[in-house]
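Positions are given from 1, in the same order as the sequence printed here. Both backbone and side-chain heavy atoms feed into the values below; hydrogens, waters and symmetry mates do not.
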Amino acid sequence: MQHYGPRGRVGRWGFLWVVVVIAVPSIQDAWAQVPEPPPPQPPTFELPEVVVPGRRPQPVSTTPASVSVLTHEDLERLGVATIGEALQFVAEVGMRVQGGLGALSLPSIRGSGPNQVLVLVDGIPVNSVMQGLFDLSTLSTAEVDRVEILRGPFSAIYGGQALGGVINVITSTAPGVELGVRRGDLSTDGVSGRWSAVDGRVMIAGDRFSSAGFRPNSDVTSTTLIGKTMWEAAAGSEQTLTINHFQSALGVPGSTAFPSPQARQDEARTIVSTGWHRESTDGQWTALGYWWSDDLMFVDPGSSVDSRVATQVFGMNVQRTIALSSEGVQVYGVEAQSQALEDNGPVGTRQATVGGLYVLDERQLSQRTLLSAGLRYDLHSIYGGQLNPRLGIVHIIREGLQLRAGIGRTFRGPSFSELYFAPFNNPNLRPESAWSADLGVTWRTPGGLEVRSSLFALAATDMIRPDSSFVPQNIARATITGGSLELAGRLSSRLGGVINVTATRAVDESTGEQLLRVPLLRASATLHVQVAGGTLSALATYVGNRPDIDPASFVRVDMPGYLVTNLRFALGAPERGQWQIGVDNVGDVQYEPIAGYPAPGRTVFVAFAERF
């Protein structure tokens, strides 16, 4: 089977050379004439805030966690339609995509498997009960306020499926009216709309997307509808109700080795949640109750496959946050979830109950140092309990220069398919468990540039991998080590953006081989420059060589690296009406993110958004 790499001889060093030529002169300007730093100041509790590191709003500067945030404005500048497309530009995150728009898009954080990444939508865990995965192509960017990506040991307080990290997608409540349309090659159409009351207490949003695809039977049509309302339940307390519905119909073309020109998939997912929040003199109470269902149907007349999987999940979380004057914060929480699955195939009808208790303590040890400690105990009705601690520290070396470090234990329990999908199952599987650690330094220059560096390591036991007969087994040990370097902010008066490079060594210690689909080197750049009354954006991603399984011969192969560039030009005011023209895969590169699943060639789109 032929695997495609980039046309020409552009590789990892070509990517780095382009970045250096563009960015170094501007970086020198940003660092020039740096004044004498002022005396160190204690960590402050101001914006920007994130929720995912400590399960409460807190500034990025006060958490030892390695966390990235994509705002609504970031998503608009990227010009992408789904969250899966956006995350390919985030440091230490890789996307495993089986084709073009609408194709299965699975995240990998620091070399983890997709079923080791926990995905939350407004704080609700939505990973598939069947396989433990979540397809990020099913989350549109149109209704998203921001995306928070938590990497490494601080995912310990989220329990199972967070071994690699957590992705929290937070939908919008911004007041106002917004309309958007999109039209592009491959008969791609999109329309979106959002209305929110001036006080933000009622919001209705929706979008519809369709594309004919670039391969036979790769079309997709999807619809998302979201409704939110908030009201004052009692003095000092607030109640919310959210309904999020997604529905899609798409072709599943299969791999180039084994095409499935008649296979179709339909999915309907509904999330209903209600939240309660009350402020008190010494902190706050929060509670979240939710129900979600997912009906997935896959039919392939060519192979006589008719698979139908229906899932229902009920869950709740109650949390108490206590402010310890100026010394710190304590958080206590309890979670419970009931899972039910009906499969007309080998898995059959299955049920499980999951529960967890967690406690966090974050204290200011001195004017320069914060200490964060956490502990979580999980109990699962199938495979028992797990205790996961985490510990982190933030130290301000001087104004603008910050050190952070963390260590924690995380785990992932086997999915229903790994336990029961006969004959490719193993009911004796044990949960995967891992200790992970990271060390990072952040430098904020007076010129507006932020330099972030990170080293990370993970030592895992009982990792679940299929053997030669495709039966999942617990392998003895796997280790993942690596690091990343990221430059973000204003590189000059007209040029800004983010540049990152990530190196990852992920080894199965039982064989000494690199884990499948984990490249040694990954890099991306999103640069925005003001030109001709608008904003020109250059987006680039490089993915290095990585091992995979050839779908034709089922043997291990080395997939070549590839470099893909995109261009965007936006004209108009973002806060009002704005046109955007985009070209994806400018070089018309032929490549396969996953062996047997080619990506689209060059495509063009035009989009318009109006805000009132």
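Note: Tyr383 and Phe411 have perpendicular aromatic rings, judged against thresholds of 30 and 60 degrees for the angle between ring planes.
Looking at heavy atoms from C-beta onward, Leu370 lies out of side-chain contact with His395 at the 4.5 angstrom threshold. Between Ser255 and Tyr597 the shortest side-chain heavy-atom distance falls below 4.5 Å. The side-chain heavy atoms of Arg269 and Thr138, taken from C-beta on, include a pair separated by under 4.5 Å.
Remark: the Gln330 side chain and the Asp361 side chain contain an N/O donor-acceptor pair separated by less than 3.5 Å. Side-chain contact, Asn500 with Ser524: a donor N or O sits under 3.5 Å from an acceptor N or O.
A pairwise comparison of heavy atoms in Ile480 and Ala506 identifies CG1-CB, 3.7 Å as the closest pair. The two residues Arg96 and Gly113 make their nearest non-hydrogen contact at NH1-CA, 4.3 Å. Closest approach of Asp558 and Pro547 over heavy atoms only: OD1-N, 4.2 Å. Looking at every heavy atom in both residues, Ser293 comes nearest to Gln312 through CB-CG, 4.2 Å. When all heavy atoms of Leu150 and Ile109 are compared, the closest pair comes out as O-CD1, 4.1 Å.
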Q.
Determine whether Tyr420 and Asp343 satisfy the following criterion, side chain to side chain contact (heavy atoms under 4.5 Å, CB included), listing intermediate values before the conclusion.
A. CA-CA 11 Å; Tyr420 306 119; Asp343 171 37; over 6 Å; no
Q: Begin with the C-alpha distance, continue with both residues' side-chain angles, and end with the deciding distance and a verdict on salt bridge (charged side-chain N to carboxylate O under 4.0 Å, His left out) for Arg56 and Glu362.
A: CA-CA 12 Å; Arg56 61 182 178 84; Glu362 298 186 345; 2.4 Å; yes
Q. Given the rule in the salt bridge (charged side-chain N to carboxylate O under 4.0 Å, His left out) test, do Glu49 and Arg146 qualify, once you have shown the distances and angles that lead to the verdict?
A. CA-CA 11 Å; Glu49 289 185 332; Arg146 69 184 188 275; over 6 Å; no
Q: For salt bridge (charged side-chain N to carboxylate O under 4.0 Å, His left out), just list the numbers for Glu342 and Arg350, CA-CA rounded to whole Å, side-chain angles, deciding distance to a tenth of an Å, and then say yes or no.
A: CA-CA 7 Å; Glu342 291 185 7; Arg350 301 291 174 178; over 6 Å; no
Q.
Let's go through Arg477 and Glu509 carefully: what are the C-alpha distance in whole Å and the side-chain angles of both, what is the deciding distance for salt bridge (charged side-chain N to carboxylate O under 4.0 Å, His left out) to 0.1 Å, and is it a yes or a no?
A. CA-CA 5 Å; Arg477 183 179 173 87; Glu509 297 294 346; 5.3 Å; no
(Q) Pair Arg110, Thr504 - check side chain to side chain donor-acceptor pair (under 3.5 Å), show working. (A) CA-CA 7 Å; Arg110 291 182 172 177; Thr504 308; over 6 Å; no
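Looking only at distances, a side-chain donor or acceptor of Asn585 sits under 3.5 Å from a matching main-chain atom of Val589. Within the 3.5 Å criterion, the main-chain N or O of Gly84 finds no donor-acceptor partner in the side chain of Gln88. With hydrogens and angles ignored, the 3.5 Å screen pairs no side-chain donor or acceptor of Gln339 with any backbone N or O of Gln351.
A cation-pi arrangement, defined by a distance under 6.0 Å to the six-membered ring centre and an angle within 45 degrees of its axis, is present between Arg55 and Tyr158.
Atoms OG1 and CG, from Thr353 and Leu379 in turn, are 9.5 Å apart once rounded to the nearest 0.5 Å.
The only option from Arg465, Arg412, Arg430 that meets the salt bridge (Lys or Arg N to Asp or Glu O under 4.0 Å) definition with Glu418 turns out to be Arg412. Of the candidates Arg376, Arg390, Gln319, Gln319 is the only one forming a side chain to side chain donor-acceptor pair (under 3.5 Å) with Tyr358.
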